[in-house]
2 protein chains.
Amino acid sequence: MGTLTIGKLAAKGGVGVETVRYYQRRGLLAEPTRDNGIRRYGDDDVHRLRFIRSAQAAGFTLEEIGELLSLDALQDRTRAHALAEARIVAIDAKIVELQSARASLARLATECAGNTSVACPIISAFEA
Amino acid sequence: MGTLTIGKLAAKGGVGVETVRYYQRRGLLAEPTRDNGIRRYGDDDVHRLRFIRSAQAAGFTLEEIGELLSLDALQDRTRAHALAEARIVAIDAKIVELQSARASLARLATECAGNTSVACPIISAFEA
DNA sequence: ATAGGTGCTGTACCATGGTACGGAGTCAAG
DNA sequence: CTTGACTCCGTACCATGGTACAGCACCTAT
């Protein structure tokens, strides 16, 4: 039991009120205690909500995040370790991909700068 | 006019046949010439399709990609340059975010490895 | 000449992650 | 004691990027 209303919690988590309700429906956040029908949240809910956002930024889907949360409760180290490792591999691949895309875009930006006579070949920007 | 059927084009672009049709509906690929009702594609279509996939990997939405393709036709260097720069900024931010997430996950993986007595705190993995 | 593999069309459906009501009740400040 | 902000619930809707038919035509190899 806490003191935060859903609006305060949402603000602390950087999401909208509807999103909190949505996460509750998805089972990512527990149904909190009610004060006269009104949901009341505590700091643990704030942590949980922030965890969800961070895990999303790491590329986990909401479904995977649900699993992570349940693993946390079960202290299932093995599975947690496996999920983390798998995500690290995916992140590394994504970073490489983004770096390559960045290089292509930088080249494109250079070639499209100014009104030089050099062509500005957008479609071929990602070749090679 | 080319020699490739939609299936061959899709294979060269690493997508499904339905995806090619979808891109056509979205206006990302031009309606090709027909040979007896059958779409025929050429190398330029392959380039275009591959460009779409690369641009997607760079984080452009299909709508933005549509704009890029039209800019290419218009040789609008200024706008192309602006879009490229904006995307580079977004990519850099994303890379930083992913690197941070990676570090958190690496920490989590270390702490959840083995059956040591150290806790395996999944929810707090992304704090700090 | 017949069976598979493609191709055609249109429309419907899918997953993901929310977002937006409407109509009601509650709470705190002026 | 009213006004405005916030909350409740359920259901419907949204954007993005596809994916899946159904029902038909065509071409090629066996």
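Keep in mind that this is a model prediction, so the values were computed, not measured. In what follows, chains are A, B, ... by sequence order, proteins preceding strands, each numbered from 1.
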Ignoring backbone atoms, establish whether [X] has a side-chain N or O less than 4.0 Å from OP1 or OP2 of [N].
{"X": "Arg34(A)", "N": "dG25(C)", "answer": "no"}
{"X": "Tyr23(B)", "N": "dG18(D)", "answer": "yes"}
{"X": "Gln56(B)", "N": "dG18(D)", "answer": "yes"}
{"X": "Arg39(B)", "N": "dG7(C)", "answer": "no"}
{"X": "Thr5(B)", "N": "dG7(C)", "answer": "yes"}
{"X": "Arg53(A)", "N": "dG18(C)", "answer": "yes"}
{"X": "Asn36(B)", "N": "dC26(D)", "answer": "no"}

_Could you check whether the side chain of Arg21(A) and the base of dG10(D) have a donor-acceptor pair of N or O atoms closer than 3.5 Å, going by distance alone?_
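Pair found.
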What is the separation between atom [atom1] on [X] and atom [atom2] on [N], rounded to the nearest whole Å?
{"X": "Ile52(B)", "N": "dG17(D)", "atom1": "CD1", "atom2": "P", "answer": "12 Å"}
{"X": "Tyr22(B)", "N": "dC14(C)", "atom1": "OH", "atom2": "P", "answer": "17 Å"}
{"X": "Gln24(A)", "N": "dG10(D)", "atom1": "CD", "atom2": "P", "answer": "12 Å"}
{"X": "Leu4(B)", "N": "dG7(C)", "atom1": "CG", "atom2": "C1'", "answer": "14 Å"}
{"X": "Arg26(B)", "N": "dG18(D)", "atom1": "CZ", "atom2": "C1'", "answer": "10 Å"}

Query - Within 45° cone of Phe60(B) ring axis and under 6.0 Å: Arg87(B) NZ or CZ - result: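 Judged by the rule (NZ or CZ under 6.0 Å from the ring centre, within 45° of its axis), Arg87(B) counts as positioned above Phe60(B).
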With distance as the sole criterion, is a donor-acceptor pair present between the side chains of His81(B) and Glu111(A) under 3.5 Å? no
Of Ile6(B) and Arg25(B), the one whose closest nucleotide on DNA chain C sits nearer the 5' end is Ile6(B)
Answer yes or no: is there a side-chain heavy-atom contact under 4.5 Å between [X] and [Y]?
{"X": "Phe51(A)", "Y": "Ile122(B)", "value": "yes"}
{"X": "Gln99(B)", "Y": "Ile95(A)", "value": "yes"}
{"X": "Thr19(A)", "Y": "Arg53(A)", "value": "yes"}
{"X": "Arg40(B)", "Y": "Thr3(B)", "value": "no"}

Against the side chain of Ile38(B), the closest entry in dT19(D), dG7(C), dT19(C) is dG7(C)
Winner on side-chain proximity to Glu18(A), out of dC21(C), dG7(C), dC8(D), is dC21(C)
Next item on the list: State plainly whether the residues Glu67(A) and Arg79(A) are in salt-bridge range, i.e. N to O under 4.0 Å.
Entry: yes
Expected list for residues 59-70 of chain A near DNA chain C, using heavy atoms below 4.0 Å, is Thr61(A), Leu62(A)
